[in-house]
Structure formats: structure tokens, C-alpha cells
Amino acid sequence: MTLCIRNALHLEAPVDLLVDGDHVVSMTPAGHVPPPEGCEIFEARGLVLMPSLIDAHVHLREPGYEYKETVATGLEAAARGGFGSVMCMANTRPVNDNAAVTTYMLSQAAKSHPNGPRLYPMAAATIGLKGQEIAPLAELAEAGCRAVSNDGVPISSSEIMRRVMEYAADLGLVMSDHCEDPTLAPGWLMNEGVASGQLGLKGQPVVGEALQAARDIMLAEYLRLPVHIAHVSCAMTVDIIRWGKARGVAVSAETCPHYLLLDETAMEDYNTACKVSPPLRSAADREALVKAIADGTIDIIVTDHAPHALHEKETSMDEAMKGFTGLDVALSLIWGLVHDMAICEADLHRLCCRRPAEIFHLPCNGFAPGDPADFILFDPAEAWTPSVNNLYSKGHNTPFLGQELRGRVKHHWIGGVRLF
Amino acid sequence: MYDTHYLWPHKDLLDVTQLTADDVMHLLDLAASFQEINRRPVKRVPTLQGKTVILFFAENSTRTKVSFEIAAKRLSADTHALGKAGSSLNKGESLLDTGLTLQAMHPDLIVIRHSSSGAAAFLADKLSCGIVNAGDGWHAHPTQALLDCYTLRHAWGGRFEGRTLLILGDIAHSRVARSNMHLLTMLGVKVRLCAPRTLLPAGVETWPVEVFGDLDRAVDGADAVMCLRLQLERQQAGLLPDLSEYSRRYCLTLPRLSRAKTGAQVLHPGPMNRGLEISDDVADMADSRVLDQVSAGVATRMAVLYLLAMQGGRS
């Protein structure tokens, strides 16, 4: 079964894409090669052709918090948002610290989305995310986990962190670390700075993140093992990562669209919709992060999709949960950076597809012959406004709710199968 | 004198930053006229008859709650007090649901105290009745600042311009310090802050104040000193060494106060930790305004309740 996507725009060039079954056959300048006999033709009419994106950091909440999100609703939001692969964190209930939970997540995905998006669970680094005993990572890897993380619950013991990195490395699993010194400013609600001082909200200084990132990078250098720094939020951590990379440490890093677009001033009306972990930082931090994704210091963009129920956000600042949803809106937000020329379209492919695939050893579509036929057609001109009525995630807790965005995914194929 | 034609434009009182200097002077004039009622043998006027004021104190308070309650009752408003222990917040009800439930009883005003900065603003955004912030976390305590302002106005003969006020103590965690800093700066007072660095807020260098670590220098030439209560939990949180060291460095004593202007005013929002942030002889001296503040509190809150209940929200 062959398929030809005709007249799509790939990196601003008109192309035809030929797909056979689940893989790419060729991508050629539009009109150069006639489609084979009997081939299904899909007219792209100038829509932008991109590889399906990979999101290496989402929370799908199932099992345990199905009122916030399920594997089914999370994967639907991923598909609609242009993501062909997502890596879901282990902070479910029960925690994904044994094969039964991983198997359950994958079976839920197979039930609701047999044709993708592809789900790659992350193994809990430690039992119950408690930071004390290493989880049975071999069992978890065998069940389908592709990386390790104690996300949301920082590992304060450097001894445990070291042993997790070593043990995971034997299994080919990368450790993705939520960097936060939990002893510095416990109970923080936002970034520590001018805004927190004025608002009277307890702040977390940037050094709370940078300290732990520095520890991880120094451990990685000493052990000669890779480490991945999750959701980098500030310039100080960017500098530490740059330092590590310059020394040849196998450190990779991610940030999220909200750290690239918002800063701490968004909290000024006590807007709990903007409460997130790590917190939104200063305007200077935001600018440093935009530079870091452009120059490759930060390798990838993830959403840290963290759905919550309305009542968990619509409350006082100290009670409101931290986190934003991202799968539905991320590509529109990142495309905004392309539109504003902070990054180019090729950077987007690198940040959201090629590099995450390299770091976590996942398949990805570089449109070379034999690559998985995971791709989207995207209309960069379509304006839309995220609202409770048009988001596919159960969670509507994005600070971009009600704000007009540009760019929507019109069609999505995974493994050569058209999802919509 | 109180101007009966002044149009009060605010539905809520969330912080002093929403007020203009004219609003403040109008409110203080009104408070002065209410102060006269408080000295009568029969301390009650029918002004707010038929109005309902709910006192929702989700954080413990004695003096502020009593002050609001007396203020409301002297204006003949019906009051109902609700503490955290007696409210459904203890049964897991959300702040929003508690607010909506109270509103469904059609109060004219809800006076709220809450431990979370921004809680009063959150309710004001969701509810249509008037909200009076009686203290939210570390953020704001507008009626305290107004009553302090009332007290200083009286003590200073009505002139704020060019005066110097020192606020002494735990600035970082103080809503009293924040609201007073905003209000008195607006009226032309030069505000100084004095605290160890561990009790100063992030970004204080951007505030329109002078910051001191040394009390002797900070108090030098001040027209008034406002001591703040030191919460004992700050020491437990590791922000301070032992309390006697704090007292040695930051307790307002007579020798220290002697460096201020002659006749400098001393204020304290209470309750005082005698011997910790303020010495007995300073607390009890003739120029201490601590009890005047309490008395001004009732009059000022009468003015706030009156303006919001009678005029608030009217466009």
C-alpha cells in the first residue's frame, strides 16, 4: 500500500513524500517523480510537512489520577498536537516502579490508540519515587520503559543518584533528572526575585535548580555516564550545562515552551494558572533559554504536560497545584518562535524530533528512505484560541487558555496510518 | 473635614496600592468623625442598619477580628464571625466554595483573613459582594496600614511630607511592612527598613526605601519607629540564631531610641513580644502610640466598612 503526499512544504521547499506501508520511500522536489501506479494520492496543498514530534516529558496520570487525564485522552491530545511519541512520567498511583504498571500503561495505550502515538513509559528511578531504593529497572526496561526518572521528587541523596545512573547505564537507560535542591526554599510558590518579594510569595532561587544540575553533571563526568537535565528554567543552569558540554560530559537537557515564552511577571495577579515547577523565572532567564535552544546548549523542547482538574488550580496560591498542560498547544507555541525567527524551522525538527530520538534511542522520521512514516501536515497560518471546548486533554490548565495562537496540525500519520 | 460628596470608587479593599492619596485622606477624615462616636456613652449609630458583614478569619486573629466586629456593630451592621475551626475549610471545602456559600447568604461585605498571599484578591475576583482584606499571607494588611497612618497623622499634626519612618523587624514575612511601605511612601514619608538580611524580602533593593542592617544607624534621626512582631517560627526555620542574639541586635530600647528625633513616635501592630523586639520601657513610655493604634483601628475600620458597604461598587 503506497501513499503519496503531494505538494507539501518541507523546510520551505515544495516536496512530494512517498510512503510504503509504515515507512518512508522517498522525499523528492514536488512534481519531479510521478507517483507509482495505484498509489493513493493526498494533496497537501502547500501545508507544512514535519516529522511527528517526540515529547520526552509528559504526565498522563493513569493509573491513579484518571480524573486529571487518562492514557487515552493524553494520547489523543498528543496526536492532535503533532506528537507521534510521548514519554510518560512515573508519578502515577501506584508509581510506575514495577513491570505491572508499565504493562498496564501500554495496554491502555494499545486499547485506545493502537496506531499511535507511540507511548514510552519512564521507569521510576526509585521505589515509590522515595529516593531510597533503586526500582527494578531491568524488569521495567523489559516491560517497555525507555528511560528513568524520579520526576517531581528530586533525589537529594547523591549516593542514590550515582547508583541509579550506574545501574540504568548498564541497561541502556538514560536518567532524566528533575533538578531541585529540596532543602533550599522548601514550600516555594514561585521564582525568588523582585516579583516574589512584592507579592509576598515564597520564592525558589534559581540556584535551587542549578546546584542539583551541577551535581548531576559532575557525577556524569566522574562516572563517564550520560545524564539528562529535565525542564531547565534558568540562565544559571544553562551556564552549568554549557560548562559541562565544553568539558565533554555526556549531558543533555530539555526546556519547555512556557519557559521560553513567559516570565515571573505572569504571577503578578496571583494567577494560579501560572504556578508551575520549576517556576517561571525572570525575563533575563527566558532570553538565555531562547538562546540556548538556538545554539544547542539545550538539546530538546518538551511539554512537561501536567494536567490538573479545575478545582486543583482554581484556589488560593498555596493550595493550587503546579503544572501546565502542553500537548495540545506546544507546537503552536514553538511555531511562534519560528515565526519570530528566534529559531528556524530546521531547529524545530532538531529540538522536537531528531535530538530527543538520539538521546532516548527512539525511532524518528528524518524523511530518509526506511524511516518510520510518522509525519504531520501543519497549517502555520490558521489562528485558533485554546478553550475548554477545543482541547483534547482533560486538563485545561494552560496559561495560554483564551489566547490566540497560530498554527494547527491538520493531518497526522503514524507508521503510515492516517490518524486524522 | 469629611467631605460628604466624595465618590468612593472601590468595591473591595485589597491593598493600599489601589488607593489614591485623596482616597486615603477622605477615609482618614471619615475615621476621625467616627472616632468621636467611640468616645460617646452610647457607642452606636444606625448607619449600617440592615447591612450584613461576614468576618471570615481563616487564619487565627484576635485583635483584628475583634476590631472589625466592634467597628461593624457600632455602625449597627449585622455581623457573623467564621473561623477556620468552625468553617468547612477544615472539612476539605475549597476556599472558592466557602466564598460562594457565604455569598449565597447575601452579605454586603466579607472581611477575610487568610494565610495565603493573594487569597483576598482571589475571592474578590470570584464574588460580587465587597471584600475587605484583613491580611493575606505576607502580602497586604491595608486596614493596619490605614490605622497606622491615622495614628501618625494625628501624632505628626497632619504633616507626612519629609518625615522619616523606620520599620524594624521581620520585613520579609510581614504584610504590615509591605502595606505601610506603600501607603506612607505615597504620602511622602521616607521609609527605612531594618532587619538582618535573612528577614529581608528578595528584590528589596528595588523598593523605594533605604535598607539598613544596623539598628543604630537606621534609627538615627527617625520621626517614628514601627516595630514588627517577630514570629518565633522564624528562628525554628533557621533564619535566625537564638532569640537573645536577635534581641541584642534588633530590640528597640531606650538608648537606641534616643538616637531618633526627640519625641519620635513608637508603633507596634501587636501583639508585642516584650524584651524581644521592643523593650518594656519603650513599650510603656509616653510617646508609645501602641494603644492609640488599637483605638484608631476601630475608627478606621468603621470608615472602611462604611465606604464599602454604602458606596462601594456604585459607579
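In what follows, every chain begins at residue 1, and chains take the letters A, B, ... in the order their sequences are listed. Quick note: numbers below take in every heavy atom, side chains included, and nothing from hydrogens, waters or symmetry partners.
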List the steps, then state whether side-chain contact (heavy atoms from CB on, under 4.5 Å) holds for A:Gln132 with A:Ile160.
CA-CA 7 Å; A:Gln132 288 158 0; A:Ile160 296 290; 5.6 Å; no
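- For the ring-ring contact (aromatic ring centres under 6.0 Å, His included) with A:Phe324, the qualifying choice from A:His305, A:His396, A:His258 is A:His258, the only one to do so.
- The side-chain tip of A:Lys322 points at the ring of A:Trp188 from less than 6.0 angstrom away and within 45° of straight on.
- If you measure heavy-atom distances from A:Leu201 to chain B, the contacts under 4.5 Å come from both the backbone and the side chain.
- Counting heavy-atom pairs closer than 4.5 Å to chain A, the top-ranked of the candidates B:Gly118, B:Ala237, B:Ala121 is B:Gly118.
- Comparing A:Pro205, A:Gly193, A:Pro186 by heavy-atom pairs within less than 4.5 Å of chain B, the highest count is held by A:Gly193.
- Across B:Ser115, B:Ser116, B:Pro201, the residue that shares the most heavy-atom pairs under 4.5 angstrom with chain A is B:Ser116.
- In this structure, a donor-acceptor pair under 3.5 Å is absent between the side chains of A:Gln212 and A:Asp216.
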